[in-house]
Amino acid sequence: MDMDKIVSLCKRRGFLFQSSEIYGGLNGFWDYGPLGVELKRNLKEAWWRDMVAGHDDISTLPGAPSSYEMVGLDCTIIMHPQVWKVSGHYDLFVDKMVDCRTEGCKGRFRVDHIPSSECPLKPSKCPGAHDKCSLTEPRDFNLMFKTIIGALGGEEDAAFLRPETAQGIFVNFKNVLDSSRVRVPVGIAQIGKSFRNEITPRNFTFRSREFEQMEIEFFCHPSESRKWYEYWRNRRMKWWQDLGLSGSRLLLREHHADELSHYSIGTADIEYAFPFLPEGEFGELEGVAHRGDFDLRSHMEGKLDPNSKPNLQVQLGADGKPVHKGSGRDLTYRDDITNERFTPHVIEPSAGADRGALAILCEAYHEDSAPDDKGELQTRTVMKFHPRIAPVKAAIFPLVKKDGMPEVAQELYRALKKKFPVQYDEKGAVGRRYRRQDEIGTPYCLTIDGQTLTDQTVTLRDRDTLEQVRVKLADVVSEIEQRVSG
RNA sequence: GCGGGUGUAGCUCAAUGGUAGAGCAAUAGCCUUCCAAGCUAAAGACGAGGGUUCGAUUCCCUUCACCCGCUCCA
């Protein structure tokens with residue numbers, strides 16, 4: 001599949017534009033056009049409905065150890081700077097890097113990786129070991145966006161744009177428990193923008209500097225956390241499959257032990273074979289991580305020492321005090337039935353909304369052949385979106401622009417428009433109108449023809465099969481409603 | 001940040017040291033009774049800045065962006 005064609009269609013039909021394009025663009029930033037915004041909203045709304053608003057907290061869902069509750073949260077992008085110091089981002093998001101100026105090398109190396117890195121010069125040595133090596137001074141690559149709070153603010157008023165939404169959930173954990181009557185096990189969900197100064201933004205929207213996450217922090221009893229991890233891993237995989245990413249291009253990959261973060265007991269990536277990646281390679285769509293009690297403990301006690309695995313200890317400075325002090329608040333949970341007090345363990349399904357939208361765009365793109373009015377096969381570009389995700393749910397056409405057909409079509413259009421995004425089109429040949437809708441992935445087209453005027457039925461044309469069935473005019477709204485929901 | 005490539009209309013491309021041409025799309029209208037590329041009309045571009053030159057879209061420099069590779073991705 002050709003990524004260039006997808007990028008071109010996204011621009012041409014208004015799914016995605018480069019940010020600030022009229023000024024030459026900005027590396028790592030992308031805008032959603034009229035169709036793109038509908039697509040992404042549909043994705044986020046499907047996630048929110050399926051994970052949060054529509055969650056059944058009475059039943060035990062298939063694969064779940066028990067019933068559980070789900071609530072939402074929407075917190076600020078800028079938080080107290082201490083949040084990032086305690087979470088570890090402040091220290092871990094800065095890499096010292098050197099570049100080698102030497103002809104034949106021109107490499108870039110992380111300073112802390114130099115001893116295990118290999119310089120391309122022969123004989124094989126580590127960077128800097130050859131006489132010819134010419135390394136720059138180590139320079140900081142800070143992945144967090146810095147900003148200043150206050151109109152008169154200086155460096156001492158520095159703050160950060162969040163690099164993930166998760167921390168906002170951890171620091172509000174106690175607020176949520178105290179205010180909403182929820183009991184562990186409970187998930188707190190949030191959709192929102194995050195920011196990372198990626199060193200090399202690339203591959204369309206895949207690695208952007210401003211991006212949107214859909215995250216759940218799921219709090220549970222430590223003894224049940226492994227079962228919950230497995231539940232969420234499978235649930236999230238199935239969710240993406242149900243949205244149409246069901247082929248061999250979607251992969252659930254469990255991390256090896258040596259790949260795990262210092263606090264994680266298990267992590268699985270849900271990955272998609274994006275067309276811009278080399279054959280056989282997959283890119284991360286969502287990570288489902290078992291984070292143990294790392295985050296809540298950090299925000300209670302202070303930044304934990306990543307080298308103290310498996311029994312994490314607060315990282316102490318030369319003065320014997322915590323390098324980054326925690327809040328000192330008690331974030332443990334008391335089960336008021338068993339009377340047990342514990343620090344909940346956390347399972348974190350963290351999905352990329354932009355990556356999800358991109359995967360859906362890539363998966364939807366198809367070229368097939370369809371006959372024209374002379375019966376000859378023509379190439380057809382069609383976006384095969386799941387009806388639930390499609391930006392436009394239906395299009396309404398009068399077969400011809402006379403005999404009262406436009407009036408009937410417009411009346412139907414108004415009735416449908418009250419329920420969801422639909423388009424009305426009376427321009428040109430009807431075949432051309434069908435193709436236009438195919439290219440933006442509209443799943444259904446409704447055509448008012450001569451027969452409509454006598455028996456009050458219209459044709460309903462399916463985007464993927466090209467088949468038409470006649471539906472009573474009075475039933476169209478409920479018919480489309482039923483087809484595009486879930 | 002380094003190396004290589006690219007940048008002309010909404011999209012895909014062409015030509016040229018004397019201010020650019022096409023196809024498709026889009027717009028208005030015509031024709032059309034079910035799967036685009038029929039007809040008519042009008043509209044639309046040299047990524048940005050600087051330099052050389054009588055004159056730059058073309059040559060040079062800088063910059064921005066995109067693609068490939070190196071690097072990075074907690």
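Bear in mind the structure is a predicted one, so any value in this text is a computation, not a measurement.
Of all nucleotides present, none satisfies the Watson-Crick or G-U wobble test against B:rU8 with each distance under 3.5 Å. Pair check for B:rC31 finds none; no Watson-Crick or G-U wobble contact set falls under 3.5 Å. Pair check for B:rG55 finds none; no Watson-Crick or G-U wobble contact set falls under 3.5 Å.
Aromatic pair A:W240/A:Y272: centroids not less than 6.0 angstrom apart.
Rounded to whole Å, the P atom of B:rG47 lies 14 Å from the corresponding atom of B:rU12. If you take atom P in B:rG21 and the same atom in B:rC46, they sit 14 Å apart, rounded to whole Å. With P as the reference atom, B:rC30 and B:rC66 are 44 Å apart, rounded to whole Å. Separating the C1' atom of B:rA43 from that of B:rG29 is a span of 15 Å, rounded to the nearest Å. One C1' atom belongs to B:rG50, the other to B:rA45, and the distance between them is 22 Å to the nearest Å. For B:rU71 and B:rC54, the C1' atoms lie 49 Å apart once the distance is rounded to whole Å. Taking the C1' atoms as reference points, B:rU27 lies 32 Å from B:rC64, given to the whole Å. The separation of B:rC59 from B:rG18, taken at their C1' atoms, amounts to 15 Å, rounded to a whole angstrom.
Taking a cutoff of 4.0 Å between a charged side-chain nitrogen and a carboxylate oxygen, A:E439 and A:R435 do not qualify as a salt bridge. Taking a cutoff of 4.0 Å between a charged side-chain nitrogen and a carboxylate oxygen, A:K393 and A:E481 do not qualify as a salt bridge. The existence of a salt bridge linking A:R236 and A:D269 is excluded, since no basic side-chain nitrogen approaches an acidic carboxylate oxygen closer than 4.0 Å.
If you check every strand for non-hydrogen atoms under 4.0 Å, A:R461 touches a base. Across all strands, A:K11 comes closer than 4.0 Å only to sugar-phosphate atoms, never to a base (heavy-atom distances). Residue contacts for A:N203: at a heavy-atom cut-off of 4.0 Å it reaches the sugar-phosphate backbone alone, with no base atom in range. Within the 4.0 angstrom heavy-atom criterion, base atoms lie near A:D403. A:F204 comes within contact range of the sugar-phosphate backbone alone, with a heavy-atom separation under 4.0 Å but no base atom that close.
When the side-chain nitrogen and oxygen atoms of A:N27 are compared with OP1 and OP2 of B:rC66, one or more of them lie within a distance under 4.0 Å. Using a 4.0 Å cut-off, no side-chain N or O of A:Q451 falls inside it from OP1 or OP2 of B:rU33. Residue A:K427 has a polar side-chain atom (N or O) positioned under 4.0 Å from OP1 or OP2 of B:rA28. OP1 or OP2 of B:rA36 lies within a sub-4.0 Å distance of a side-chain N or O belonging to A:R435. Proximity of A:R432 to the phosphate of B:rA25: a side-chain N or O atom is located under 4.0 Å from OP1 or OP2.
The base of B:rC11 does not come close enough to the side chain of A:S8 for any donor and acceptor atom to sit less than 3.5 Å apart. With hydrogens and angles left out, the side chain of A:Y434 and the base of B:rC34 share a donor-acceptor pair within 3.5 Å. Side-chain atoms of A:R202 and base atoms of B:rG69 include a donor and an acceptor less than 3.5 Å apart.
Positionally, the nearest nucleotide of RNA chain B for A:T379 lies more toward the 5' end than for the other of A:T379 and A:E284. With RNA chain B read from its 5' end, the first of the two nearest nucleotides for A:G450 and A:E164 is the one closest to A:G450.
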- Task: Determine, stepwise, if the pair A:E215 / A:S350 fulfils side-chain hydrogen bond (donor to acceptor under 3.5 Å, both in side chains).
- Result: CA-CA 4 Å; A:E215 290 197 303; A:S350 170; 2.7 Å; yes
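Closest to the side chain of A:Q18, out of B:rC66, B:rA26, B:rU33, is B:rC66. The side chain of A:T200 sits closest to B:rC70 out of B:rC35, B:rC70, B:rU33. If you check B:rA26, B:rC35, B:rU33 against the side chain of A:R436, the one that comes closest is B:rA26.
When the options A:W228, A:F173, A:Y229 are evaluated for a ring-ring contact (aromatic ring centres under 6.0 Å, His included) with A:F218, the one that passes is A:W228.
A cation-pi contact links A:R355 to A:F206, judged by a cut-off of 6.0 Å to the six-membered ring centre and 45° from its axis.
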